[in-house]
Amino acid sequence: TEMSRAAERLRLLINHLDRPSDAIVSFESHPLICKTQGEYTLDTDLLTPEQRLSYEQNGYILIKNLVSEEDINRFRYTHTRLCRQEVKAPGLVTMRDLAILKSEFVPDQRAISKIQDFQEDPELFRYCTLPQILKYVECFTGPNIMAMHTMLINKPPDAGKKTSRHPMHQDLHYFPFRPADWIVCAWTAMETVNRQNGCLVVLPGTHTGTLQEHDYPEWEGGANKMYHGVRGYDSQHPRVHLEMEKGDTVFFHPLLIHGSGMNQTQGFRKAISCHYASADCYYIDVNGTTQENIANEVKEITMRKYAGQEISFQDSWAFRGRLVKGERTSL
Ligand SMILES: CC(C)CC(=O)SCCNC(=O)CCNC(=O)[C@H](O)C(C)(C)COP(=O)(O)OP(=O)(O)OC[C@H]1O[C@@H](n2cnc3c(N)ncnc32)[C@H](O)[C@@H]1OP(=O)(O)O
Ligand SMILES: Nc1ncnc2c1ncn2[C@@H]1O[C@H](COP(=O)(O)OP(=O)(O)OP(=O)(O)O)[C@@H](O)[C@H]1O
Ligand SMILES: O=C(O)CCC(=O)C(=O)O
Ligand SMILES: [Fe+2]
Ligand SMILES: [Mg+2]
């Protein structure tokens with residue numbers, strides 16, 4: 001029955017692929033197709049059967065105390081220095097919360113709700129290469145691993161308009177590469193995160209669905225740039241608040257619907273994350289798909305950033321992605 005599960009899995013994969021099946025003949029001998037038991041996880045000796053089953057069914061697993069206090073303190077220190085512009089990292093993107101956009105900018109971590117693309121900062125990027133994280137990542141991506149997207153989220157105390165919320169979304173909306181099952185996010189709490197300061201909220205099991213249409217939520221106080229949410233979000237769907245301690249890490253599937261509530265405390269709630277993909281993934285053309293809206297927003301921003309030079313949505317990803325293990329075979 002293990003063989004028939006593998007065959008079924010291969011059939012499912014081929015059906016999901018956005019390119020002709022003759023292009024993927026080599027998949028038959030692909031190491032990733034050795035997924036004989038679960039659909040979403042590989043048999044690697046690391047995950048217990050319970051953990052595998054949990055990821056298969058829920059689309060995420062939470063590992064307690066995976067990143068050391070010392071490492072997190074170092075990441076916090078570097079974050080502070082980057083925000084103060086005491087160190088620079090080429091390509092770093094900083095984002096201010098909508099609520100403070102119009103006020104004077106002071107270079108301080110309290111003015112920056114999120115940094116992205118820290119792949120050129122050796123100290124923060126060390127997070128993406130931590131061996132204990134990569135061991136888990138490999139269970140989802142297989143041996144060739146790319147760090148595709150990096151973020152340090154610094155959710156500010158809500159200024160009263162609920163702009164600190166992150167609407168419910170699927171991360172795959174942002175990614176022009178496939179297959180989805182070879183992508184995983186690692187998200188590590190840099191302090192206690194709970195319902196009060198806006199922990200992650202997930203809809204378990206939604207990773208088995210398809211990519212949904214995303215758009216800005218119709219929120220009275222507005223939503224931050226590029227914070228799209230699933231259209232027609234069903235607030236009745238059972239949700240789980242992922243309360244975590246410093247160093248705890250959740251791994252989740254890019255189709256899992258998740259978001260975060262508002263920060264009702266006076267502190268800045270911090271988390272560091274990396275989206276990994278198998279280097280064996282391939283880029284897709286998102287023209288004419290539900291992802292066209294985000295692709296256009298990204299193109300507009302890169303156009304401004306690189307003085308009118310048009311950079312394709314795919315190239316903007318190829319350019320930022322970094323190999324962290326194995327071989328850079330495709331992405
Ligand atoms: C899986 C993963 C990919 C999921 C996610 O990351 S979900 C969230 C995705 N978010 C992002 O990718 C954040 C992207 N953010 C950015 O690229 C930057 O923060 C920018 C929005 C471009 C702002 O960069 P900055 O250097 O400040 O550039 P500018 O001051 O010229 O601003 C450009 C225009 O953007 C506006 N803006 C900046 N921050 C926000 C905001 N928080 N909410 C709404 N609008 C905002 C700003 O007002 C300006 O607009 P105009 O004045 O040109 O109309
Ligand atoms: N219309 C919507 N579209 C998309 N996402 C939404 C919508 N409404 C709420 N959310 C998101 O759902 C999640 C839960 O938010 P909500 O504010 O209801 O609860 P919470 O802040 O997590 O907890 P509490 O019930 O204690 O306030 C958050 O990620 C929020 O951004
Ligand atoms: O830390 C958070 O609030 C979640 C952010 C998130 O899901 C994202 O940026 O894709
Ligand atoms: Fe997300
Ligand atoms: Mg709330």
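One-based numbering along the sequence shown. Both ligands and their constituent atoms are indexed starting at 1 by order of listing.
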inquiry  = So does Pro107 get a backbone contact from the side chain of Arg110, meaning a donor-acceptor N/O pair under 3.5 Å?
reply    = no
ask   = At a 4.0 Å cut-off, with the gap strictly under it, does some heavy atom of Glu218 reach an atom of ligand 2?
value = no
query = Taking C-beta and beyond as the side chain, do Arg76 and Glu191 meet within less than 4.5 Å on heavy atoms?
reply = yes
query = Counting both backbone and side chain atoms, is some N or O of Arg239 under 3.5 Å from an N or O of ligand 2?
reply = yes
query = Is the His228 ring parallel, tilted or perpendicular to the His173 ring (thresholds 30°, 60°)?
reply = tilted
query = Numbering the atoms of ligand 2 from 1, which are under 4.0 Å from a heavy atom of Ser260?
reply = 28 (C), 29 (O), 30 (C), 31 (O)
query = Which ligand 2 atoms are under 4.0 Å away from a heavy-atom of Gly259?
reply = 29 (O)
ask   = Got a second to check how far Lys246's NZ is from Asn65's CG, nearest 0.5 Å?
value = 11.0 Å
task = May I ask you to check if any N/O/S atom from Cys185 comes under 2.8 Å of the Fe ion (ligand 4)?
result = no
key: Exam field: side chain Ser113 to backbone Pro156, donor-acceptor pair closer than 3.5 Å   = no
query = From the Fe ion (ligand 4) out to just under 2.8 Å, does an N/O/S atom of His258 turn up?
reply = yes
request  = Please state which part of Met168 comes within less than 4.0 Å of ligand 2, counting heavy atoms only: side chain, backbone, both or neither.
outcome  = both
task = Can you label the angle between the Phe313 ring and the Trp317 ring as parallel, tilted or perpendicular, going by 30° and 60°?
result = perpendicular
ask   = Would you call Gly229 a ligand 2 contact, heavy-atom distance under 4.0 Å?
value = no
message = Please check: side-chain N/O of Arg96 versus main-chain N/O of Ser103, any donor-acceptor pairing under 3.5 Å?
response = yes
Lys/Arg N to Asp/Glu carboxylate O, Glu220 vs Lys162, below 4.0 Å = no
key: Of all N/O/S atoms in Asp171, the name of the one nearest the Fe ion (ligand 4)   = OD1
query = Has the side chain of Glu56 got a donor or acceptor atom that lies under 3.5 Å from a matching backbone atom of Tyr40?
reply = yes
request  = Sort out the contact shell of ligand 1: every protein residue with a heavy-atom distance below 4.0 Å, listed by chain and number.
outcome  = Val93, Thr94, Met95, Arg96, Leu98, Leu101, Lys114, Gln116, His149, Met151, His166, Asp171, Tyr174, Phe175, Asn224, Lys225, Met226, Tyr227, His275, Ile301, Arg304
query = Are any non-hydrogen side-chain atoms of Ile153 and His166 less than 4.5 angstrom apart?
reply = no
query = At a 4.0 Å cut-off, with the gap strictly under it, does some heavy atom of His258 reach an atom of ligand 2?
reply = no
inquiry  = Taking the basic N atoms (NZ, or NE/NH1/NH2) and the acidic carboxylate oxygens, is any pair closer than 4.0 Å for Lys64 and Glu245?
reply    = no
ask   = Any nitrogen or oxygen of Arg165, main chain or side chain, under 3.5 Å from a nitrogen or oxygen of ligand 2?
value = no
query = Counting N and O atoms only, with roles assigned by atom type, does the side chain of Thr265 sit under 3.5 Å from a partner on the main chain of Gln196, one being a donor and the other an acceptor?
reply = no
query = Of all the atoms in ligand 2, which lie at a distance below 4.0 Å from a heavy atom belonging to Val201?
reply = 22 (O)
task = Give a yes or no answer on whether the side chain of Arg52 reaches the backbone of Thr41 with a donor-acceptor pair at less than 3.5 Å.
result = yes
key: Per-residue contact class, His241 against ligand 2 - non-hydrogen pairs under 4.0 Å   = side chain
message = Would Val230 count as being in polar contact with ligand 2, using the rule that some N or O on each side must be under 3.5 angstrom apart?
response = no
ask   = Okay, side chain of Asn263, backbone of Lys155: is any donor-acceptor separation there less than 3.5 Å?
value = yes
Enumerated ligand 2 atoms positioned under 4.0 Å from heavy atoms of His166 = 28 (C), 29 (O), 30 (C), 31 (O)
key: Numbering as shown, the atoms of ligand 2 that approach Pro167 to under 4.0 Å (heavy-atom distance)   = 4 (C), 5 (N), 31 (O)
